[in-house]
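Source: prediction; values computed, not measured.
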Amino acid sequence: MGSLMSCLSDPIPSGNRSPPPQPKRRSSTSSRGRGGGGRDSAKASVSIDEEALTAAAALVLGQRGASGGLGAFERSASVRYSAKRQSQGPPLPRSCSTRPRSLADPELQPQQLLAKDLNTKDLETNVIVLVHGGGFGAWCWYKTISLLEDSGFKVNAIDLTGSGIHHYDTNKISSLSEYAEPLTSYLKGLGDAEKVILVAHDLGGACVSYAMEMFPSRVAKAVFLCAAMLANGNSALDMFQKQMDTNGTLQKAQEFVYSNGKDRPPTAINIDRASLRDLLFNQSPSKDVSLASVSMRPIPFAPVLEKLVLTAENYGSVRRFYVETTEDNTIPLPLQQSMCGANPPEKVLRLKGADHAPFFSKPQALHKTLVEIATMPPVRAS
């Protein structure tokens with residue numbers, strides 16, 4: 001998701017109400033179908049529409065510098081060498097199970113990642129809730145779910161509204177609360193004494209922050225995995241404005257969807273499938289990139305614009321942890337560090353060699369990190 005907003009640079013005068021130039025537009029009769037405009041116009045306020053139009057114009061105008069880039073898009077994909085196979089016939093196809101693993105992500109059995117005497121039932125909570133990022137779905141956590149369950153944790157992966165297999169038109173989402181509703185409904189249904197660990201990826205960080213403000217007593221810890229960790233009064237749009245792409249690659253990758261007509265704000269954004277590997281999965285196995293290419297859905301535009309209201313009494317009372325990804329082309333490491341500096345968490349951990357999808361590129365290292373955070377004892381009141 002970070003890649004979509006990173007092209008924002010020049011502000012648009014508030015008096016300019018002309019529609020933005022026409023970027024790539026996804027043609028879809030289903031997204032422009034009957035009934036979509038009525039619901040949106042009934043729920044969205046005029047101020048949001050105007051802000052969205054301004055933001056959309058800024059996004060498109062940001063593309064004007066694309067032709068004056070400063071060199072090729074920086075890729076940090078490592079070169080993996082095939083393992084030697086003696087007297088075993090032709091080489092095996094490369095996959096997450098057959099490709100050589102780096103030392104940063106060794107193949108370990110789940111029990112090796114935990115202390116021998118650890119019983120997850122003795123932890124403050126052994127329930128982990130995984131919240132995906134923009135365009136993703138619960139499907140992206142399949143490796144993490146398996147590893148955590150094998151280690152004794154109870155795991156729930158949430159499909160946010162209009163994501164994964166959630167049956168809702170992404171173009172009709174008009175607010176962050178609507179986008180995060182599956183997560184807040186889950187937390188609302190917990191018992192008074194129940195707590196969970198929330199793990200957020202990418203735009204899911206805004207949803208988790210919103211949920212922390214609503215249900216602070218039901219969140220034991222919040223883990224932001226290369227995610228939008230916003231301060232009070234900020235939106236994901238504000239954060240991603242800090243990410244500048246000097247050669248236009250990120251701008252070219254975005255495709256706006258205008259389900260309410262070209263004279264209205266964009267309702268969603270797509271990522272060009274040809275750009276997925278370089279932008280999101282530059283360290284991930286090919287089969288996971290293929291999975292993403294057929295599973296990702298449009299990213300709703302309205303939640304990106306919404307400014308969060310976070311208080312010290314609610315949001316601030318929850319223990320926060322940030323997990324950095326060093327080879328991230330979507331939310332680069334300096335931007336991650338900037339967020340941590342502006343809104344410091346309890347602890348910052350790092351996944352070396354991980355791209356923007358560490359659940360694909362470094363599943364074992366991610367698992368080890370999540371177990372480490374889950375086993376950190378509660379902070380004693382002074």
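- Shortest non-hydrogen contact noted between G205 and F224 is O-CE2, 3.6 Å.
- Side-chain atoms of E213 and T311 include a donor-acceptor pair closer than 3.5 Å.
- In this structure, the side chains of I299 and N270 stay at 4.5 Å or more apart for every pair of heavy atoms.
- Distance check, rounded to the nearest 0.5 Å: CG of D159 to NE2 of H167 gives 9.5 Å.
- Rounded to the nearest 0.5 Å, atoms NE2 (H166) and OG (S163) are 8.5 Å apart.
- Q283 places none of its side-chain heavy atoms less than 4.5 Å from the side chain of F281.
- Residues K307 and D238 come closest through the heavy atom pair NZ-OD2, 2.8 Å.
- Using bins of under 30°, 30° to 60° and over 60° for the plane-to-plane angle, the ring pair F256/Y258 lands in the tilted bin.
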- Query: After noting the C-alpha distance and the side-chain angles of Y315 and N343, does the key distance pass the side chain to side chain donor-acceptor pair (under 3.5 Å) rule?
  - Reply: CA-CA 12 Å; Y315 169 85; N343 187 21; 3.0 Å; yes

- Task: May I have the step-by-step check of side-chain contact (heavy atoms from CB on, under 4.5 Å) for V196 and K221, ending in yes or no?
- Result: CA-CA 7 Å; V196 302; K221 298 168 185 172; over 6 Å; no

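- Using a 4.5 Å cut-off between side-chain heavy atoms of Ile, Leu, Val, Met, Phe, Trp and Tyr, with links allowed through other members, F153 and M376 fall into the same hydrophobic cluster.
- Just one of L308, N232, L198 meets the side-chain contact (heavy atoms from CB on, under 4.5 Å) condition when paired with S209; it is L308.
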- Trace of the side-chain contact (heavy atoms from CB on, under 4.5 Å) decision for T326 with L351: CA-CA 7 Å; T326 62; L351 295 179; over 6 Å; no

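- Between D192 and R218 a salt bridge is recorded (basic side-chain N to carboxylate O distance below 4.0 Å).
- Nearest heavy atoms, D355 versus S361: OD1-OG, 2.9 Å.
- M214 contributes atom CE, which lies 13.5 Å from atom CE of M212 (distance to the nearest 0.5 angstrom).
- Of all heavy-atom pairs between I158 and P182, the closest is CG2-CB, 3.9 Å.
- Between S284 and R277 the shortest heavy-atom distance is O-NH1, 3.8 Å.
- Between R350 and E324 a salt bridge is recorded (basic side-chain N to carboxylate O distance below 4.0 Å).
- L225 and L333 end up in different hydrophobic clusters when Ile, Leu, Val, Met, Phe, Trp and Tyr side chains are linked at under 4.5 Å.
- Within the 4.5 Å cutoff, the side chain of T170 has heavy atoms near those of the P300 side chain.
- Here the two rings, on F359 and H201, have centers that are under 6.0 Å apart.
- Pairing each heavy atom of H356 with each of D328, the nearest pair is ND1-OD2, 2.8 Å.
- Using bins of under 30°, 30° to 60° and over 60° for the plane-to-plane angle, the ring pair Y179/H132 lands in the perpendicular bin.
- Note that CD of E181 and CD1 of I173 are 11.0 Å apart. Values are rounded to the nearest 0.5 Å.
- Comment: K347 engages E372 in a salt bridge, judged by a side-chain N to carboxylate O separation of less than 4.0 angstrom.
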- Message: Evaluate L280 against F136 for side-chain contact (heavy atoms from CB on, under 4.5 Å), listing each step before the verdict.
- Response: CA-CA 11 Å; L280 302 174; F136 290 85; 4.3 Å; yes

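- Taken from CD in E178 to CG in L160, the straight-line distance is 12.0 Å, to the nearest 0.5 Å.
- Proximity of V257 to F301: side-chain heavy atoms (C-beta onward) are nowhere separated by under 4.5 Å.
- To the nearest 0.5 Å, the span separating OG1 on T325 from CG on L366 amounts to 10.5 Å.
- The closest side-chain heavy-atom distance from M296 to W139 is below 4.5 Å.
- Annotation: side chain of V323 is in contact with side chain of I373 (closest heavy-atom distance under 4.5 Å).
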- Query: Does the pair L310 and N314 meet the rule for a side-chain contact (heavy atoms from CB on, under 4.5 Å), with working shown?
  - Reply: CA-CA 7 Å; L310 305 173; N314 294 339; over 6 Å; no

